[in-house]
Protein chains: 2
Amino acid sequence: MKWQELDAQPCSVARTLSVIGDRWTLLIIRNAFLRTRRFDDFHAQLGITKHVLSSRLKKLVEAGVFEKRAYQEKPARYEYRLTEKGLDLYPIILGLVGWGDKWMDEGKGPPVEYFHKTCNHKTQPTLVCSECHEPLDPREMMAMPGPGLKDVNS
Amino acid sequence: MKWQELDAQPCSVARTLSVIGDRWTLLIIRNAFLRTRRFDDFHAQLGITKHVLSSRLKKLVEAGVFEKRAYQEKPARYEYRLTEKGLDLYPIILGLVGWGDKWMDEGKGPPVEYFHKTCNHKTQPTLVCSECHEPLDPREMMAMPGPGLKDVNS
DNA sequence: TCAGCGGGTTCTAAATTGGAACTTAGCTCG
DNA sequence: CGAGCTAAGTTCCAATTTAGAACCCGCTGA
């Protein structure tokens, strides 16, 4: 399977990965959540080559994750801002953070901690069931074909 | 920055991506959660080349995400099972599913739905604050340096 | 004894990445 | 006036990674 065929699969994981599933993209998005917006800042902070950065930003703008907007004219300068669709990637970033904190911290504790301004506490983001609000365990979940699969295996 | 330097960064996102952050790895893990365990099954289901599959499985076993165990001898046959560390990736997979369901469903509805056996309901996994149990919004969160960062910027 | 299976390895060609140099347009300093 | 600086890229070549197919090995069942 080629990379471009990925978004045609009837699987939300594959479709999501077709947008954000490469080496650099999630690091770019991580920095965007830390308020980085400019080409050169991404370049300097990430150590990514300009070539690759340029192509990823283009792809993410096309995908609707970033919006490219001029923050000045003369000379024209642009910034990249997360759209609503991009902001919705936050749970994925926090999922990555949570796993890294738990399994890759080298015994030193988490490098970054999160504070929830709404309730004024340090928070440990947790994935729960929308119905019973209990934390989810993979062994207690069952995957079933949904409506988006209907016409595929008919 | 090279791929191998990624896990040395004082960032849990980077460290997590050093393990699961490439094209195929998350698809392999997705299928593992759907109970795929054998080399040839991964190969057939994913359309991944054997070369890449072999190298990814090796890497994931080294990282402690999968455990390689013989399920028969004569001839020796192996299966790959998620460890506790691997099972802990579930929130990330569900995060990817959730985003794909919301933004990439092509108007047809989700291809796969999840049923929570504990409470007997179809569920929409949700990321909430561990303290106030409200869903998290990136605009209401603040990232702060944690203990794992101390010695780096001293 | 020979076809088939599970679980790989090896090979070559094509695509992607890294790294450095170059471009473009408008400042700003002397 | 011209030299150098800045932001945001593009172009080029070499090195790495991937795709795809072929091959291998130990064992089995017919």
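Since the model is a prediction, treat every value here as computed from it, not as a measurement.
- Residues Asp41(A) and Thr36(A) bring no donor and acceptor atom of their side chains to less than 3.5 Å of each other.
- To the nearest angstrom, P of dA7(D) lies 14 Å from CD of Glu79(A).
- Projected onto DNA chain C by closest heavy-atom contact, Ser55(A) and Leu57(B) fall at different nucleotides, the more 5' of which corresponds to Leu57(B).
- You'll find the ring centres of Phe33(A) and Tyr90(A) inside the 6.0 Å limit.
- Rounded to an integer number of Å, the gap from NZ of Lys58(A) to P of dG9(D) is 8 Å.
- Near DNA chain D, defined here as any heavy-atom distance below 4.0 Å, the residues from residues 30-41 of chain A are Arg38(A), Phe39(A), Asp40(A), listed numerically.
- Side-chain atoms of Thr123(B) and His121(B) include no donor-acceptor pair closer than 3.5 Å.
- For Tyr80(B), the side-chain atoms get nearest to dG8(C) when compared with the rest of dT17(C), dG8(C), dG9(D).
- Across all strands, His51(B) comes closer than 4.0 Å to base atoms (heavy-atom distances).
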For this session: Assign a letter to each nucleotide of nucleotides 23-30 of chain D from its 5' end: B, base within under 4.0 Å of a protein heavy atom; S, sugar-phosphate only; -, no contact.
Result: ---BSS--
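- Counting heavy atoms from C-beta on, the side chains of Leu127(B) and Thr126(A) never come closer than 4.5 Å.
- Not one side-chain nitrogen or oxygen of Thr49(A) sits closer than 4.0 Å to the OP1 or OP2 atom of dA20(C).
- Note: NE2 (His43(B)) to P (dT9(C)) measures 14 Å, nearest angstrom.
- Distances shown here put a side-chain N or O of Tyr71(B) below 4.0 Å from the OP1 or OP2 atom of dG7(C).
- Geometrically, Arg56(B) does not engage Phe42(B) in a cation-pi contact, judged by NZ or CZ lying under 6.0 Å from the ring centre and within 45° of the ring axis.
- Remark: Lys122(B) NZ is loosely packed, at most 12 non-hydrogen atoms of other residues, nucleotides or ligands lying under 6.0 Å away.
- Proximity of Trp99(A) to Lys85(B): side-chain heavy atoms (C-beta onward) are separated by under 4.5 Å at one or more points.
- Note: CG (Leu53(B)) to C1' (dG7(C)) measures 10 Å, nearest angstrom.
- Taking only side-chain nitrogens and oxygens, Trp24(B) never comes nearer than 4.0 Å to OP1 or OP2 of dT17(D).
- Between Ser54(A) and dA8(D) there is no side-chain polar atom (N or O) within less than 4.0 angstrom of OP1 or OP2.
- To the nearest angstrom, P of dT10(D) lies 14 Å from CD1 of Ile48(A).
- At a threshold of 4.0 angstrom between heavy atoms, the contacts of Phe42(B) with the nucleic acid are absent.
- Within the structure, a side-chain polar atom (N or O) of Lys68(B) is placed less than 4.0 Å from OP1 or OP2 of dG8(C).
- The shortest side-chain heavy-atom distance between Phe66(A) and Ile28(A) falls under the 4.5 Å cut-off.
- The shortest side-chain heavy-atom distance between Lys108(B) and Pro111(B) does not fall under the 4.5 Å cut-off.
- Taking the nucleotide of DNA chain D with the nearest heavy atom to each of Tyr78(A) and Arg56(B), the more 5' of the two is matched to Tyr78(A).
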